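For reference, the structure discussed in these notes is given below.
All values reported here derive from a predicted model rather than from experimental measurement.
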Amino acid sequence: MKPKIFIDGEHGTTGLQIRTRLAGRTDLEVLSIPEEERRNKDLRADLLRSADIAILCLPDDASREAVILLEGHSTRIIDTSTAHRTHSNWVYGFAELEALQAQRIREARLVANPGCYPTGAISLIRPLRDAGLMNSDYPVTVNAVSGYTGGGKQMIAQMEDVNHPEHMKENNFLYGLTLKHKHLPEMQMYGKLDHAPIFAPSVGRFAQGMIVQVPVHLDLLKGKPTMEDVHNELKAHYSGQKIVRVVPLEESSAMARVDAEMLADTDGMNLYVFGSEGGKQINLVAVLDNLGKGASGAAVQNMNLMLGLR
Ligand SMILES: NC(=O)C1=CN([C@@H]2O[C@H](COP(=O)(O)OP(=O)(O)OC[C@H]3O[C@@H](n4cnc5c(N)ncnc54)[C@H](OP(=O)(O)O)[C@@H]3O)[C@@H](O)[C@H]2O)C=CC1
Ligand SMILES: CC(=O)N[C@@H](CCC(=O)OP(=O)(O)O)C(=O)O
């Protein structure tokens, strides 16, 4: 029997992208809900309970409700929302986090997909923490720009529809100005940091793509490493990984710009170490698609792991 997959929220931005990724899969049975029934709780409950794996692509409250609907049932869950990411009963769905993480995901019933920005930030911070180069009290800052699909159906309409009552006319804006963004707890927890980073997100007038930057003072790291030392730690951490690519210094040193859309429509993530030879500062940069490795691509990666396929 083929494993049954139900995407709750399949008609939203993240859900649609997962559906597209699963469209050609003959090894799965994808259970589907008609768009006009998407909020029919009884029908959703039936489908959730019939599935082997339910992928929740819902706002936080609706995700919590779906988890309650599944209490006492054996359906395994991948939640793409923020609701359960720092919850101790849930496995964090970032397979490249550390050596054992992919195995934890394979065996888990409850998997919380990481946030798009934290995917970039944690991928840069965690190897330095694990290698002992960065102390837990390092004052981390994270600056980022996301494509507007990161804001879901509502922001897509606000950016694209000039007649929308809350039309956004800006080409590039900062937000999260109170420094209390919902992604901070997971960045702190899985970055193994004493303090939440200062996080400055922004949105650009492009649909998909993302740059996440973590600037670092080399003299504030343990042993005052060089840019090459930090690059070597990243390379070692992601050695053998196919989705996360640590870009060689020869390649990054020849770059004059970083395009936020570089990996749009892919599920990969590139990590860069920028700076100058002998310099005192570096800029650690992750580039990904907010809907690829930042959401839907990661959800499919986790589903494959849970099915024992990768
Ligand atoms: N977009 C992105 O880049 C990323 C999104 N995520 C997360 O994925 C989740 C989904 O986000 P996204 O796809 O962007 O959002 P969308 O608003 O595009 O889609 C959400 C979908 O859920 C449906 N929905 C809302 N409330 C309910 C409910 N009570 N019962 C059933 N269905 C409901 C919506 O229906 P309706 O149209 O009626 O509102 C819509 O189809 C969120 O938790 C988000 O944080 C995570 C990483 C990145
Ligand atoms: C551009 C934009 O608005 N981005 C969203 C984050 C994407 C999202 O909703 O994802 P999570 O499920 O990972 O929290 C935000 O800042 O709230």
Side-chain angles (χ1 to χ4, degrees), residues 14 55-56 58-61 63-64 67 76-144 146 150 176 178-201 210 212-216 220-222 230 233-234 237-238 241 243-244 269 271 284-286 288 290 293-295 297-299 301-302 305-306:
T14 307
I55 309 181
L56 311 181
L58 304 164
D60 290 8
D61 286 348
S63 275
R64 287 191 196 93
V67 173
R76 300 167 81 191
I77 307 174
I78 300 170
D79 182 8
T80 68
S81 86
T82 319
H84 303 101
R85 291 179 188 153
T86 55
H87 198 292
S88 58
N89 291 346
W90 289 67
V91 171
Y92 196 57
F94 184 19
E96 299 83 359
L97 182 71
E98 58 184 4
L100 289 176
Q101 201 63 14
Q103 189 55 28
R104 291 189 189 111
I105 295 167
R106 271 185 206 105
E107 292 167 4
R109 188 173 99 78
L110 305 172
V111 173
N113 227 44
C116 43
Y117 294 118
T119 299
I122 293 163
S123 72
L124 298 167
I125 297 163
R126 183 61 178 257
L128 306 196
R129 287 285 302 113
D130 286 349
L133 285 182
M134 181 181 271
N135 286 329
S136 60
D137 62 355
Y138 189 93
V140 173
T141 58
V142 180
N143 310 307
S146 170
T178 57
L179 305 182
K180 289 190 171 147
H181 193 277
K182 64 178 180 171
H183 287 172
L184 284 166
E186 60 185 296
M187 284 190 201
Q188 183 177 347
M189 179 180 279
Y190 299 104
K192 292 189 172 167
L193 297 170
D194 294 344
H195 313 287
I198 296 177
F199 176 39
M210 169 167 280
V212 181
Q213 307 176 65
V214 180
V216 170
L220 297 184
L221 297 184
K222 224 189 232 160
V230 173
E233 286 304 342
L234 287 175
H237 189 99
Y238 295 106
Q241 298 291 352
I243 292 173
V244 180
M269 176 164 65
L271 304 183
L284 300 173
V285 172
L288 61 155
N290 55 294
K293 181 61 173 162
Q301 183 186 3
N302 289 331
L305 285 168
M306 291 164 80

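- Within the model, atoms CG of D194 and CG of D137 stand 5.5 Å from one another, a figure rounded to the nearest 0.5 Å.
- Expressed to the nearest 0.5 Å, how far CG of N302 lies from CG of D79 amounts to 11.5 Å.
- Interatomic distance, CZ of R126 versus CG of L234, reported as 13.5 Å (0.5 Å rounding).
- A 4.5 Å side-chain heavy-atom check between K293 and F94 finds at least one atom pair inside the cut-off.
- In this structure, the side chain of E96 does not engage the main chain of Y238 through any donor-acceptor pair within 3.5 Å.
- Surrounding CD1 of I198 are at most 12 heavy atoms belonging to other residues, nucleotides or ligands under 6.0 Å away.
- For Q188, the side chain to side chain contact (heavy atoms under 4.5 Å, CB included) partners are L193, A196, not counting sequence neighbours.
- Of all non-hydrogen atoms in R106 and L305, the two that sit nearest each other are CG-O, 3.1 Å.
- Between L221 and V230, some side-chain heavy-atom pair lies under the 4.5 Å cut-off.
- For G115 against Y92, the heavy-atom pair with the smallest separation is N-OH, 4.2 Å.
- In terms of heavy atoms, A299 sits closest to I55 at CB-CG2, 4.2 Å.
- Contact record, A286 with L124: N-CD1, 3.7 Å, taken as the closest heavy-atom pair.
- Residues D130 and K192 have side chains in contact (heavy-atom distance under 4.5 Å, counting atoms from C-beta outward).
- Taking CH2 of W90 as the start and CZ of R85 as the end, the distance is 11.0 Å to the nearest 0.5 Å.
- Put simply, the side chain of R109 does not reach to within 4.5 Å of the side chain of M306, judged on heavy atoms.
- Between E233 and P127, the shortest heavy-atom contact is O-CB, 4.4 Å.
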Next item on the list: Would you check, one step at a time, whether the test side-chain contact (heavy atoms from CB on, under 4.5 Å) holds for V91 with Q101?
Entry: CA-CA 8 Å; V91 171; Q101 201 63 14; 3.7 Å; yes
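- Separation of atoms CD1 (I243) and CD (Q301) is listed at 3.5 Å; rounding is to 0.5 Å.
- With sequence neighbours excluded, the residues satisfying side chain to side chain contact (heavy atoms under 4.5 Å, CB included) with A144 are Y117, F199, V212.
- Between R104 and E98 a salt bridge is recorded (basic side-chain N to carboxylate O distance below 4.0 Å).
- Proximity of a side-chain donor or acceptor of N143 to a complementary backbone N or O of A200 within less than 3.5 Å is not detected.
- Interatomic distance, CD of E186 versus CE of M189, reported as 10.0 Å (0.5 Å rounding).
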Margin query: For a side-chain contact (heavy atoms from CB on, under 4.5 Å) check, start with the C-alpha distance between L284 and L271, then their side-chain angles and the critical distance, and finish with the verdict.
Written below: CA-CA 7 Å; L284 300 173; L271 304 183; over 6 Å; no
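- Side-chain contact between L128 and Y138: absent, with no pair of heavy atoms (C-beta onward) separated by less than 4.5 Å.
- The backbone N or O of M134 lies less than 3.5 Å from a partner atom in the side chain of R129, making a donor-acceptor pair.
- Under the side chain to side chain contact (heavy atoms under 4.5 Å, CB included) criterion, T14 pairs with I18, C57, T80, L291, A295, S296, sequence neighbours left out.
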Next item on the list: Let me see the working for I125 and Y190 under side-chain contact (heavy atoms from CB on, under 4.5 Å), right down to the final yes or no.
Entry: CA-CA 9 Å; I125 297 163; Y190 299 104; over 6 Å; no
Next item on the list: Check step by step if side-chain contact (heavy atoms from CB on, under 4.5 Å) holds for V67 and L56.
Entry: CA-CA 9 Å; V67 173; L56 311 181; 4.0 Å; yes
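- Judged by distance alone, with hydrogens and angles left aside, the side-chain atoms of N290 form no donor-acceptor pair with the main-chain N or O of S146 at under 3.5 Å.
- Closest heavy-atom contact between T119 and P114: OG1-CB, 3.6 Å.
- Side-chain N or O atoms of H237 include one that pairs as donor or acceptor with a backbone N or O of L97 at under 3.5 Å.
- Proximity of S81 to L58: side-chain heavy atoms (C-beta onward) are nowhere separated by under 4.5 Å.
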